[in-house]
2 protein chains.
Amino acid sequence: MSDNYHHGDLRRALIDAGIKIINESGEAALSLRKAAAMCSVSHAAPYAHFKDKDELMEAIKTHITEQFTSELSAAVKGSSDAESALVDMGRHYVAFFVRRPDYFKFLFGGQNITAHIRFDKEYENDYPPFVLLKETYLEYIQEGGYEKTPEEQETELLKLWASAHGLAAIACMSGVEVPFDWEDKISGDILIR
Amino acid sequence: MSDNYHHGDLRRALIDAGIKIINESGEAALSLRKAAAMCSVSHAAPYAHFKDKDELMEAIKTHITEQFTSELSAAVKGSSDAESALVDMGRHYVAFFVRRPDYFKFLFGGQNITAHIRFDKEYENDYPPFVLLKETYLEYIQEGGYEKTPEEQETELLKLWASAHGLAAIACMSGVEVPFDWEDKISGDILIR
DNA sequence: CCATCATCTTTACATTGTCAAGATACTTTG
DNA sequence: CAAAGTATCTTGACAATGTAAAGATGATGG
């Protein structure tokens, strides 16, 4: 394989390059041409793998979301009971983004968030972190033997999610140096009580 | 005043044009040159009023935030007691953005949100909507004669804000046609209980 | 009236997204 | 295995955009 003609896995390399740019210089600095240059390919090479810049950004978002979900998943698995799993999950939800505010801005900032976060009244939502939250919540309900109508469950779930997500949003967009014990001090109280 | 040389109030006209572009075509379509064209001035004319594109966007954000704050303020004034004022405020907080999701994306989406939303551990925050929330909350505390430590107050305030803001974020970024009774059904339960 | 300043225009340039045409390697098929 | 086809990559081009520089135009104060 001639070394500089066919790149090994350009698609993956472009995603990595994009993530690196976002981490180092923020979303505004992300350009197709720069990512291509970092992979030592011509400026039009990305078009063999992505229809346009949006498609690269979608791929990056999917990648980050997988990382996010797997961290949440690990947090849940480490908990003894479902209630503490819920709290741990909220804690890690916020912590993940507090540690990487640029990820939050990139994931939920831009225009095309459609594919990554959904909630409608039919209660349908395949956003992986939400699916995980829902599962954990249902275990929590079952474990505690609580009697809740579907409406109550939906409301409570949304509340949990909105609290964590809103907290992350406020933290990531505040422009303030967030002290790292911030979430430890607060999220436990807020997310469940 | 020669009609097309010195524009009457170009600064204001550019802000209006920018808002119109955002409303009609989203933030991605906002360009200095397009805004200038809508004001029938040359593409470099905006530089007499704004240092760069960011400064125009900041001005637009400030303008929208003023509108937002004044709607919240009106909602609070229409309430009988402080507790219902709190609920009404939350309802309007969400409703304002559900009605104008592009505003939410623009205000809290981009990179440079620093000046528009702040929260740090010293409890300092001059973001006007938050100031209003804080005032209303303090009245609510006083009215009910509740005894709360500063820490409890800070936590509760942050919780109120995060709930409303997170709800708005989820609604505006869901890509789902949000039914308009959505906030009526939910926010009251979530924001205070 | 003149100098100064704010406002606006014209020109120019670099960056970027995107397209088109062609070259090169890999894959499939006859 | 050779021919045909496909995926991948290059080069070249273009339009949109942000921005800087230099100059023109009108207002304003001494």
Side-chain angles (χ1 to χ4, degrees), chain A residues 1-61 102 105-106 109-115, chain B residues 1-61 102 105-106 109-113:
Chain A
M1 175 176 57
S2 128
D3 200 32
N4 66 344
Y5 194 83
H6 268 53
H7 190 286
D9 186 355
L10 182 55
R11 191 191 139 88
R12 175 55 194 271
L14 285 168
I15 292 176
D16 289 344
I19 290 179
K20 193 170 183 193
I21 293 174
I22 291 169
N23 272 324
E24 287 172 359
S25 322
E27 173 176 4
L30 174 59
S31 84
L32 273 179
R33 293 172 102 109
K34 218 170 291 174
M38 286 172 65
C39 300
S40 309
V41 292
S42 78
H43 62 259
Y47 285 86
H49 301 274
F50 304 100
K51 186 176 136 284
D52 54 20
K53 188 185 177 184
D54 273 350
E55 221 174 77
L56 170 61
M57 295 202 295
E58 283 305 307
I60 295 177
K61 285 173 185 171
D102 279 329
K105 290 181 198 163
F106 179 64
Q111 331 293 125
N112 318 320
I113 325 111
T114 307
Chain B
M1 173 175 56
S2 131
D3 201 32
N4 65 345
Y5 195 84
H6 268 54
H7 189 286
D9 186 357
L10 182 56
R11 191 191 139 89
R12 176 55 194 269
L14 286 169
I15 292 176
D16 290 343
I19 289 179
K20 194 170 183 195
I21 293 174
I22 290 168
N23 273 322
E24 288 172 359
S25 321
E27 173 176 4
L30 174 60
S31 84
L32 272 180
R33 294 172 101 108
K34 218 171 289 173
M38 286 172 65
C39 300
S40 308
V41 293
S42 78
H43 62 258
Y47 286 87
H49 301 275
F50 304 100
K51 184 176 137 287
D52 53 19
K53 189 185 177 184
D54 274 349
E55 219 174 79
L56 169 62
M57 297 203 294
E58 283 304 306
I60 295 177
K61 285 174 185 171
D102 279 329
K105 291 180 199 165
F106 179 64
Q111 330 294 127
N112 318 320
I113 324 112

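As the structure is a prediction and not an experimental result, all values here were calculated from the model. Numbers restart at 1 for each chain; the letters A, B, ... are given by sequence-line order, proteins then strands.
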Check: Nearest 0.5 Å, what's the CE-CG distance between A:Met57 and A:Asp52?
Finding: 8.5 Å
Check: B:Asn23: what forms a side chain to side chain donor-acceptor pair (under 3.5 Å) with it, not counting sequence neighbours?
Finding: B:Tyr103
Check: In whole angstrom, what separates B:Ile21's CD1 from D:dT17's C1'?
Finding: 13 Å
Note to self: With a 4.0 Å limit, can you tell me whether A:His49 has a side-chain N or O closer than that to the phosphate oxygens OP1/OP2 of D:dC9?
What the structure shows: yes
Report all side-chain donor-acceptor pairs from residues 28-35 of chain A shorter than 3.5 Å, counting only partners two or more places apart or in another chain.
from: A:Ser31; atom 1: OG; to: A:Lys34; atom 2: N; distance (Å): 3.0
from: A:Lys34; atom 1: NZ; to: A:Ala29; atom 2: O; distance (Å): 3.2

Next item on the list: Go along nucleotides 12-17 of chain C 5' to 3' and tag each nucleotide: B for a protein heavy atom under 4.0 Å from its base, S when only backbone or sugar atoms are that close, - otherwise.
Entry: B---BB
Checklist line | B:Lys51 NZ to D:dA20 P, straight-line distance once rounded to whole Å | finding: 8 Å
Checklist line | For atom CG of A:Asp9 and atom C1' of D:dT8, their distance in whole Å | finding: 12 Å
Next item on the list: Could you tell me the separation between the CG atom of A:Leu56 and the C1' atom of C:dT18, rounded to a whole number of Å?
Entry: 14 Å
Note to self: To the closest 0.5 Å, what do you measure between CD1 (A:Ile19) and CD (A:Glu24)?
What the structure shows: 12.0 Å
Checklist line | Spacing of CG belonging to A:Leu14 relative to CZ belonging to A:Phe50, to within rounding of 0.5 Å | finding: 5.5 Å
Checklist line | Results of salt bridge (Lys or Arg N to Asp or Glu O under 4.0 Å) for A:Asp16 - residues two or more places apart only | finding: A:Arg12
